[in-house]
Amino acid sequence: MILTIGSEKGGCGKSTLATNFAFLLSASGKKTLLVDADPQKSSSDFVENREALGLETKWATVAMGGSSIRQQLLKLRDSFDIILIDCGGRDNVSQRSALTVSDVLLTPLAPKSFDLWSLEKFCAVISEVRSVNPSLKAFVALNRVDPKGSDASDAINIIGENAKEFICIKNTIGNRKAFSNAVALGLSVPELRPQDIKATAEIKALCNYIFNIKDVNDVKKSKVKK
């Protein structure tokens, strides 16, 4: 399976989801490749920091960009169970090239006006890509949601009415400090100690929804390499 995490807007949490998924999937036994197609290289920086700290990293990570992504992915897809592609926050050649061979697109979105407007623009891109890859499934996952607010339900209704190319996932990710705290330590959220139970449950639930990998619930904190 090839999953592209992409959008029309930066700062919506693509790299955070990509790196957490990479940990969960590889910990569940899936041979996983993380492709960093974002010029900012946030996912690559995370992995570099993690390995510098001596933390076990079971997935492979590569950086690539441009129109060659399509051909590279076609060569690599049979060597991995799952390929995750972290794209930059704009419509560009790298993202479109990745989408032509992806099975699934996941677009994280904050429940705010600017983000919702960007999704409407992204619908046109998805429509064009489906002329080449008609089987592409496109999902939206609300990220950085106020755990105490009603912004998620309002955003889900807006997406349903105005972004027909997408399916909005009911599983949401709250605006929790655990995500930034984990990144600073080179960790995924499930590895963080003390564990943020709610943040861990949210990222696992979203991963389960997309990949149907139930045994991600059994993952433990990675060991420091000796």
Side-chain angles (χ1 to χ4, degrees), residues 1-6 11-65 69 72-73 75-89 94 98 101-104 106 108 141 143 173 176-197 199-226:
M1 177 180 179
I2 300 178
L3 169 76
T4 290
I5 303 178
C12 57
K14 293 183 294 295
S15 298
T16 298
L17 293 184
T19 51
N20 274 275
F21 285 171
F23 170 79
L24 288 168
L25 294 166
S26 60
S28 72
K30 296 295 181 181
K31 191 174 183 182
T32 304
L33 174 66
L34 175 58
V35 176
D36 193 343
D38 186 346
Q40 292 185 355
K41 296 294 183 287
S42 297
S43 287
S44 297
D45 289 344
F46 171 83
V47 172
E48 183 177 343
N49 181 45
R50 181 182 175 90
E51 293 183 337
L53 293 170
L55 293 167
E56 183 181 28
T57 305
K58 294 183 178 180
W59 67 93
T61 304
V62 297
M64 62 177 75
I69 286 181
Q72 292 299 317
L73 292 175
K75 294 176 183 178
L76 291 167
R77 66 181 177 184
D78 291 335
S79 300
F80 293 90
D81 299 316
I82 295 172
I83 298 177
L84 304 169
I85 308 164
D86 177 13
C87 286
S94 295
V101 292
S102 294
D103 301 295
V104 177
L106 176 64
N143 191 27
I173 304 294
R176 305 184 190 281
K177 292 183 179 179
F179 289 96
S180 58
N181 290 344
V183 168
L185 297 172
L187 300 172
S188 66
V189 165
E191 297 174 282
L192 195 61
R193 297 295 182 272
Q195 189 178 74
D196 185 314
I197 296 175
T200 299
E202 288 171 352
I203 195 68
K204 286 182 177 180
L206 183 58
C207 190
N208 283 339
Y209 181 93
I210 297 170
F211 300 101
N212 195 28
I213 307 296
K214 300 302 181 184
D215 51 348
V216 297
N217 293 313
D218 299 326
V219 299
K220 299 178 181 179
K221 182 176 180 179
S222 294
K223 298 178 180 178
V224 174
K225 296 177 182 178
K226 296 181 179 181

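Since the structure is predicted, the reported quantities are computational estimates derived from the model, not experimental observations. Just so you know, these numbers use all the heavy atoms, side chains as well, and skip hydrogens, waters and symmetry mates.
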Asker: Return the CG to SG distance between Leu25 and Cys207, rounded to the nearest 0.5 Å.
Answerer: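 Taking CG in Leu25 and SG in Cys207, the distance rounds to 4.0 Å.
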Asker: What's the spacing between Lys14 NZ and Thr19 OG1 if we round to 0.5 Å?
Answerer: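 The NZ atom of Lys14 sits 12.5 Å away from the OG1 atom of Thr19.
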Asker: Step by step, work out the side chain to side chain donor-acceptor pair (under 3.5 Å) result for Asp36 and Ser44.
Answerer: CA-CA 6 Å; Asp36 193 343; Ser44 297; 2.9 Å; yes
Asker: Grab the two heavy atoms, one from Thr32 and one from Ala22, that are nearest each other, plus how far apart they are.
Answerer: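 Heavy atoms only, the tightest pair is CG2-CA, 4.3 Å.
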Asker: Closer than 3.5 angstrom, by distance alone: can the side chain of Lys30 be matched with the main-chain N or O of Ala27 as a donor-acceptor pair?
Answerer: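 The answer is no, because no donor-acceptor pair under 3.5 Å joins these two groups.
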Asker: Is Gln195 reaching over with its side chain to a backbone N or O of Leu192, donor-acceptor style, under 3.5 angstrom?
Answerer: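 Such a contact is absent between Gln195 side chain and Leu192 backbone.
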Asker: Using modelled atom types only, decide if a donor and an acceptor are shared between the side chain of Lys31 and the backbone of Ile82 within a distance under 3.5 Å.
Answerer: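 Looks like no, no N/O pair under 3.5 Å.
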Asker: How many angstroms lie between atom CG of Leu17 and atom CG of Leu206, to the nearest 0.5 angstrom?
Answerer: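 Output value for this atom pair is 6.5 Å.
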Asker: Under 4.5 Å between any side-chain heavy atoms of Asn20 and Thr16, yes or no?
Answerer: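 A side-chain contact exists here, since the closest heavy-atom pair is under 4.5 Å.
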Asker: Please test Val104 against Thr4 for side-chain contact (heavy atoms from CB on, under 4.5 Å), starting from the C-alpha separation and ending with a verdict.
Answerer: CA-CA 6 Å; Val104 177; Thr4 290; over 6 Å; no
Asker: When you compare the side chain of Phe179 with that of Asp196, does any pair of heavy atoms fall below 4.5 Å?
Answerer: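 No - every pair of side-chain heavy atoms lies 4.5 Å or more apart.
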Asker: So, the side chain of Arg50 versus the backbone of Glu56: is there a donor-acceptor pair under 3.5 Å, distance only?
Answerer: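 Yes, Arg50 side chain to Glu56 backbone: donor-acceptor pair under 3.5 Å.
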Asker: Indicate yes or no: at least one non-hydrogen side-chain atom of Phe80 is less than 4.5 angstrom from one of Ile2.
Answerer: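 A side-chain contact is absent here, since even the closest heavy-atom pair is not under 4.5 Å.
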Asker: Looking at every heavy atom in both Leu24 and Pro190, which two are closest together, and how far apart are they?
Answerer: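 That would be CD2-CG, 3.8 Å.
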Asker: Considering all heavy atoms of both residues, which atom of Ser43 and which atom of Asp86 are nearest to each other, and what is their separation?
Answerer: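 For Ser43 versus Asp86, the nearest heavy atoms are OG-OD2, 2.6 Å.
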Asker: Report yes or no: does Arg193 contribute a side-chain atom to a donor-acceptor pair with the main-chain N or O of Glu191 at less than 3.5 Å?
Answerer: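 Yes, the answer is positive, given that a donor and an acceptor are paired below the 3.5 Å cut-off.
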Asker: Between Trp59 and Phe46, what is the ring plane arrangement, given parallel below 30°, perpendicular above 60°, and tilted in between?
Answerer: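 Parallel.
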Asker: To the nearest 0.5 Å, how far apart are OG1 in Thr61 and CG in Leu84?
Answerer: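 Between Thr61 OG1 and Leu84 CG, I get 9.5 Å after rounding to 0.5 Å.
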Asker: How close do Ser102 and Ile85 get, heavy atom to heavy atom, and via which atoms?
Answerer: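 Looks like OG-CD1, 4.1 Å.
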Asker: Go through the steps for Val35 and Gln72 under the test side-chain contact (heavy atoms from CB on, under 4.5 Å), then give the verdict.
Answerer: CA-CA 11 Å; Val35 176; Gln72 292 299 317; over 6 Å; no
Asker: Between Cys87 and Gly6, what is the shortest heavy-atom contact and its length?
Answerer: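 Here Cys87 and Gly6 meet closest at CB-CA, 4.3 Å.
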Asker: Is Arg176 salt-bridged to Glu202, going by a charged N under 4.0 Å from an acidic O?
Answerer: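 Yes, this pair counts.
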Asker: Using only atom types and a distance under 3.5 Å, with no angle test, would you say the side chain of Thr200 pairs donor to acceptor with the backbone of Ile197?
Answerer: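 Checked: no pair found.
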Asker: Identify the heavy atoms of Gly186 and Leu55 that sit nearest to each other, and give their distance.
Answerer: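 Result for this residue pair: O-CD1, 3.4 Å.
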Asker: side-chain contact (heavy atoms from CB on, under 4.5 Å) between Met64 and Leu76: does it pass, once the steps are laid out?
Answerer: CA-CA 13 Å; Met64 62 177 75; Leu76 291 167; 4.1 Å; yes
